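Inspection log for the structure reproduced underneath, given as structure tokens.
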Amino acid sequence: MKRLKSVLALVAAFAVLLALGGCTLNKSTTWIAKSGDTTLPAGVYILNLSNNYSSAVSALQQMYTENAESVNPKNLWKNSLDGKSVNDWIRDKTKDSVKNYFAVLNRFNELGFSFDEADQALINQELENYWSEGKESYEKSGVSKESVRLQIESRYRSRMIFNSIYGKGGEKEVSDQELKAYYAENYQNIQYISVSTKDLEEEKLQKRKDLVDEAITRARKGEDFVSILKETERTLLKEQGSAEADLPNRADDYYDNIISASTESYYPEAMVTAIKQMKADEVKVITTDDALILVKKLDPMADQENFEKNRESILSAVKNDEFLEQVAQWAESVQITFNDSAVNRYGAKKILG
């Protein structure tokens, strides 16, 4: 079974740093905030600015699903979120990200935590990966390698604190029973293949329908479902002109997928809706506008090993919102001095617009 991506993050992972048009730092704006003996470089602010810009775009896309032009970069800044201009919303969210950084750092130190050699090795490897892929963009945007390191370290601190609260032996340990119940209710484990019906003439369309009808009949009689999927795929490829020697030799788990709240958008809406209503071990043909989807829903708890592999992701899905609220509460009591010159210099609209 394919492993779920972890959703735990105080600040979202660095996907792609936005093209900020170049931000040459000067002496008065090299730092963004101070708390206690710690001074945070402006590069961390810029990284979070980019992340919160992406969050703003995502929120606006959900608001204007029928009006994509409203989220066009030219019109983006005319919108508002939570009663604020998009520019102010991004600025405030980014300042909150900085406050959270210090809140996590303080809590980490209060708990007496530290990174061991294994943690440092992982942090170093992740840093090198990000830097090798985006060095030019980072430097052009005024983000140093050290700022990237600080951001990675903060995410590791968050995860350690999170696990100390909700993980095994934590003060608010989440039981296996609760995790399994959440997993069974919110994650759809399926095996499937999609058979395209788009733009097919009547004769070819009927041939596709017959192929799927035969497959579902065999599945309901108890034949191995994965074997049926493999055979169906090979038949389709042959129809499209693939030679026998070029046909794929798929592993059984190739057809395994897990649908969660964060991945539903990657699947047709009709497919997701139908799967949620299916029972474990049920097989079905789901019809969409341009495909016939042959699918089997699996018992999410049938594979204990898969559950263990995804334990961290499941735990995060259950408790991440609560954790972020806790971090925000910690942040309220942190004494922080912002560098207003830097905040003004790195205005969202000014450098992202």
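For the single chain, residues carry numbers from 1 onward in sequence order. These figures come from a predicted structure and were not determined experimentally.
We find that R91 and D88 are joined by a salt bridge, their nearest charged nitrogen and carboxylate oxygen being less than 4.0 Å apart. In this structure, D92 pairs ionically with K84, as a charged nitrogen and a carboxylate oxygen lie closer than 4.0 Å. Salt bridge annotation for E308-R311: present, with a cationic side-chain nitrogen under 4.0 angstrom from a carboxylate oxygen. The pair E282-K279 does not count as a salt bridge, with every side-chain nitrogen at least 4.0 angstrom from each carboxylate oxygen. With respect to the salt-bridge test (charged N to carboxylate O, under 4.0 angstrom), the residues E239 and R208 qualify. A salt bridge does not link E126 with R149: none of the charged nitrogens is closer than 4.0 Å to a carboxylate oxygen. Between E139 and K145 there is no salt bridge, since none of the side-chain N atoms of the basic residue sits less than 4.0 Å from a carboxylate O of the acidic one. In summary, E173 and K319 do not engage in a salt bridge, as defined by a charged side-chain N under 4.0 Å from a carboxylate O.
No hydrogens or angles considered: a donor-acceptor pair under 3.5 Å links the side chains of K297 and Q188. Using modelled atom types, one finds a donor on one side chain and an acceptor on the other under 3.5 Å when comparing E322 with Y166. For Q206 and D210, the side-chain atoms include at least one donor-acceptor pair closer than 3.5 Å. Side-chain contact check for N129 and Q125: at least one donor-acceptor pair (N or O, by modelled atom type) lies under 3.5 Å.
The shortest distance between side-chain heavy atoms of Y266 and T263 falls below 4.5 Å. Residues I190 and I259 form a side-chain contact, since some pair of their non-hydrogen atoms from C-beta on lies under 4.5 Å apart. In this structure, S147 and P41 have side chains that are in contact, with non-hydrogen atoms separated by less than 4.5 Å. At a threshold of 4.5 Å between non-hydrogen side-chain atoms, the residues K95 and V98 do not count as touching. Between L294 and V195, the closest side-chain pair of non-hydrogen atoms is not below 4.5 Å. Two residues are said to be in side-chain contact when any heavy atoms from C-beta on lie closer than 4.5 Å; V285 and I293 fail this criterion. Side-chain contact between Y255 and K230 is present, with at least one heavy-atom pair separated by less than 4.5 Å. Put simply, the side chain of L76 reaches to within 4.5 Å of the side chain of L60, judged on heavy atoms.
In terms of heavy atoms, Y101 sits closest to R157 at OH-NH1, 4.0 Å. Nearest heavy atoms, F225 versus A219: CD1-CB, 3.8 Å. Of all non-hydrogen atoms in K284 and R220, the two that sit nearest each other are CA-NH2, 4.1 Å. A pairwise comparison of heavy atoms in T29 and Y346 identifies O-OH, 3.3 Å as the closest pair. Closest approach of P248 to L237, counting heavy atoms only: CD-CD1, 3.4 Å. The minimum heavy-atom distance linking A342 with W31 is given by the pair CB-O, 3.4 Å.
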Full working for side chain to side chain contact (heavy atoms under 4.5 Å, CB included) between Q191 and N257: CA-CA 6 Å; Q191 295 168 328; N257 288 264; over 6 Å; no

Output, in order, the C-alpha distance, side-chain angles, deciding distance and verdict of ring-ring contact (aromatic ring centres under 6.0 Å, His included) for F108 and F115. CA-CA 10 Å; F108 186 84; F115 297 135; 5.3 Å; yes

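Atom CD1 of I228 is separated from atom CD of E223 by 5.0 Å, given to the nearest 0.5 angstrom. The line from CD1 of I46 to OG1 of T94 is 10.5 Å long, rounded to the nearest 0.5 Å. The CZ atom of R234 lies 13.5 Å from the CG atom of L229; values are rounded to the nearest 0.5 Å. Summarising the geometry, atom CG belonging to L292 is positioned 9.5 Å from atom CG belonging to L211; distances are rounded to the nearest 0.5 Å. Taking CD1 from I275 and CG from N189, the interatomic distance works out to 10.5 Å, rounded to the nearest 0.5 Å.
Judged by the 6.0 Å distance and 45° axis criteria, K296 is not positioned over the aromatic ring of Y192. The cationic group of R159 lies under 6.0 Å from the six-membered ring centre of Y156 and within 45° of the ring axis, placing it in a cation-pi geometry.
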